[in-house]
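Whatever order the structure lists them in is the order used to number ligands and atoms, beginning at 1.
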Amino acid sequence: MPPEKNIAARQEKQPSAMSRRNFLKAGAAAAMSAGLAGTLGAKPLAAAQTTSGAGYVKSKLHSRIDYGGATVRYVEHNDQWLGTSQILGAVKQYHEADQGFYMANRGKYTQEAQDCFYHYHFVMKHPFNNAIATFAMSLMPDQMVSGTPAAEKIPIPDPEQMTQHIKDCAYFLRADEVGVGRMPEYGYYSHKAPSQDDLLRDDLSNSVPVTERLPYVVVVMVDQHLETMLASTGYDGISAAQSMRSYHTTGVISVILADYIRKLGYNARAHHFTNYAAVMPPLTIAAGLGELSRTGDCTVHPRLGFRHKVAAVTTDMPLVPDKPIDFGLLDFCRVCAKCAENCPSEAITFDRDMVEYNGYLRWNSDFRKCTEFRVTNSEGSSCGRCMKVCPWNSKEDSWFHTAGTWIGSKGEASASLLKNIDDIFGYGDEQIEKYHWWLDWPERYGPPQH
Ligand code: SF4
Ligand code: SF4
């Protein structure tokens, strides 16, 4: 059969029967239109767009953004809000060296944390993590992330089509989710961290200011791997490899994407695990891929929860940005606190409400405690308990979980219900041995030997 006839025949054979999963989603849409979702509060929500809303830029390779079962609304980006995060004043840019791991490296925390961070010991002590991270380091040089664009700009008569094309490039390169946002100026670091030697001496005098200001950001997200997470506990050798898996993949995608955009004549810089000039959470929110969570500055995606990493490409290529999203996470985190209950370092707050921090509202969690625990964890490589227990991280592709997240995005009462269901079914505490594919070397998990 000629290809075009084959496609037509396949289109005719689309099943008319609705799967249970789609039935639940259709039920969600019907309930929403019947006004069962409750009030929306004071957030500046866009007109009721849904994941299938008209006018939303769609990718040809990934035609529907997969938010799992969550009901997602779109939020206008303005000076008072970044997604559902309220901006109260001037958000100050900060030095990359003030980020938790660099603080450990500089000796601002305990001596043990500095020793363990040095040369990423907490990652490198497991040989598989070491192999992935070593490759990720090869993406570090500045010439990998930036460069001079081609002299001639390719004309872009239809920025919407170009946006779709750039997303498809990222999906082709194996991204799981892609979003485009307006780049918030406070998303850039004030300075890049200096060399490892300077950090160890806590000497920031050679830090280079970040001067780039580009209007758009493409954010690429990669899943950390469901089955591996189902078998892991945070007290094993694979926890850091889950991060490294997504860090190196998003790094590769961002480097190629930035180079491609420069070859089309536009400025573009990749920001990834081993070479950032920007902070990822505000970019992730701006690109419609998450909301700020109870953990402080980490974002949760409606389907993947924390089970992802992102990299980004800032650019002046004319693109059509997506809108930030609201899937009810703020109400959910207010009553859930499952990550706080399970955090071994007690880094995550149990406070009900957010507090002002650097000009915006967020939960008052303590990244120092988290960093110290992760770099010194003598029973494993890093941690990831909060990632595993969060009810938004899709534990399985089932109607039950889809229905659960639909319920969970409907306000505080339903959040409490989903959290209880999640607990009853033991989600987050499971350790499914059949997926334990990696080799452990527990004798290597201790502190570095001098
Ligand atoms: S990674 Fe571990 S220590 Fe850090 S916040 Fe999550 S659960 Fe707590
Ligand atoms: S575990 Fe609960 S409180 Fe923590 S980030 Fe996830 S939804 Fe929010």
Logged contact type for S293 with ligand 2, heavy-atom cut-off 4.0 Å, is side chain

- prompt: Under the 3.5 angstrom rule, does the side chain of D236 hit a backbone N or O of T233 as a donor-acceptor pair?
  reply: yes

Candidates C333, C336, G328, C298; heavy atom nearest atom 2 (Fe) of ligand 2 found on C336

A side-chain contact here means heavy atoms from C-beta on lying under 4.5 Å apart; do Y188 and L214 qualify? yes

Check: of S365, P391, A337, C390, min heavy-atom distance to atom 3 (S) of ligand 2 comes from A337

Atom 1 (S) of ligand 2 has as its nearest protein heavy atom C339 N, 3.4 Å

(request) Please check if any side-chain donor atom of Q111 sits under 3.5 Å from a side-chain acceptor atom of D115, or the reverse. (result) yes

Among W392, F350, F306, closest by heavy atom to atom 5 (S) of ligand 2 is F306

Just by distance, do the side chain of K108 and the backbone of Q114 share a donor-acceptor pair under 3.5 Å? no

_Under 3.5 Å, is there a donor on one side chain and an acceptor on the other for T84 and E291?_
yes

**Asked** Is the closest basic N to carboxylate O distance between K167 and D322 below 4.0 Å?
**Response** yes

* To do: Return yes if a side-chain donor-acceptor contact under 3.5 Å exists between D351 and N364, otherwise no.
  => no

among protein heavy atoms, the one nearest atom 7 (S) of ligand 2 is F332 CD2, 3.3 Å

Using distance only, find each side-chain donor-acceptor pair of residues 276-290 under 3.5 Å and give its atom names and separation, not counting sequence neighbours.
unit_1, atom_1, unit_2, atom_2, d
T284, OG1, M280, O, 2.9

Ignoring waters, protein N/O/S atoms under 2.8 Å from atom 4 (Fe) of ligand 1 are C370 SG

Correct closest heavy-atom pair for Y102 and A193 would be CE2-CB, 3.7 Å

In ligand 2, the atoms that come under 4.0 Å of a heavy atom of R294 are 3 (S)

